[in-house]
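Heads up, the thing below is written out as structure tokens.
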Amino acid sequence: MDMANQKITGMSFHHASVKASNYERSVEFYRALGMKTVTEWGQGESRIMMLDIGDGNIFEICAGGADRYPAEGRIQHVAFAVRNVDSAYDIALRAGAKSVMTPTVMKLDDARPSKMTIYVAFVAGPDGEQIEFYTRKF
């Protein structure tokens, strides 16, 4: 099945971004998950850092989020596909994340066009942003 975008050709995912209330804390947390700095710019409350999550996709941290944004925004969560959900969950907790949902098998019997089983865990990052670690079970 061809899933290519027929309206905007060449479109692909580039990055997700979080507005951090404590820039250094967020950088430290995401680096503890194994992400590596691609580039950074700006100063003070205008700093931005792009981190490679490990496959060329980018997670961006922006300074200047202190007291200006609700902990729970319009974006529900960011999900990272991983090989080992349990390990990713444990690493995130050791890095300071808070557990939202322990690793759980979810049977999606009502998924269409076919049933599917996933294995997921959720944590809250430094600013309460929810992070999902995801793998599909076959």
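We count residues from 1, following the sequence as given. Because only heavy atoms are used, hydrogens play no part in the values below, and waters and symmetry mates are left out as well, while side chains stay in.
- Side-chain contact between T37 and T39: absent, with no pair of heavy atoms (C-beta onward) separated by less than 4.5 Å.
- Two residues are said to be in side-chain contact when any heavy atoms from C-beta on lie closer than 4.5 Å; E40 and M50 fail this criterion.
- Proximity of V82 to Y134: side-chain heavy atoms (C-beta onward) are nowhere separated by under 4.5 Å.
- Using a 4.5 Å cut-off between side-chain heavy atoms of Ile, Leu, Val, Met, Phe, Trp and Tyr, with links allowed through other members, F29 and I58 fall into different hydrophobic clusters.
- Residue G44 comes nearest to A63 through the heavy atom pair O-CB, 3.6 Å, listed as atom of the first residue, atom of the second, then distance.
- Clustering ILVMFWY residues whenever any of their side-chain heavy atoms sit less than 4.5 angstrom apart, transitively, puts Y23 in the very cluster that holds I131.
- Transitive grouping of hydrophobic side chains (ILVMFWY, heavy atoms separated by less than 4.5 Å) keeps V18 and V38 in distinct clusters.
- The shortest non-hydrogen separation linking N84 to D86 is OD1-N, 3.1 Å.
- Linking Ile, Leu, Val, Met, Phe, Trp and Tyr whenever their side-chain heavy atoms come within less than 4.5 Å leaves Y30 and F122 in two separate clusters.
- For residues 21-35, every residue pair satisfying the salt bridge (Lys or Arg N to Asp or Glu O under 4.0 Å) rule, not counting sequence neighbours, is listed here: E24-R47, R25-D127.
- No side-chain heavy atom of H14 sits under 4.5 Å from any side-chain heavy atom of E60.
- Put simply, the side chain of F59 reaches to within 4.5 Å of the side chain of M35, judged on heavy atoms.
- With a 4.5 Å cut-off on side-chain heavy atoms, F133 and V123 count as touching.
- M49 contributes atom CE, which lies 12.5 Å from atom OG of S17 (distance to the nearest 0.5 angstrom).
- Counting only heavy atoms from C-beta outward, the side chains of V120 and V85 never approach each other to under 4.5 Å.
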Listed pairs under 3.5 Å, donor-acceptor, residues 97-109 side chains, sequence neighbours left out:
residue, atom, partner, partner atom, Å
S99, OG, Y89, OH, 2.6
T104, OG1, T102, O, 2.6

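- Residues I61 and I91 are members of one and the same hydrophobic cluster, defined by side-chain heavy-atom contacts under 4.5 angstrom among Ile, Leu, Val, Met, Phe, Trp and Tyr.
- For the atom pair Q130 CD and H77 NE2, the distance stands at 8.0 Å (nearest 0.5 Å).
- Here OG of S26 is found 12.0 Å from NZ of K19. Values are rounded to the nearest 0.5 Å.
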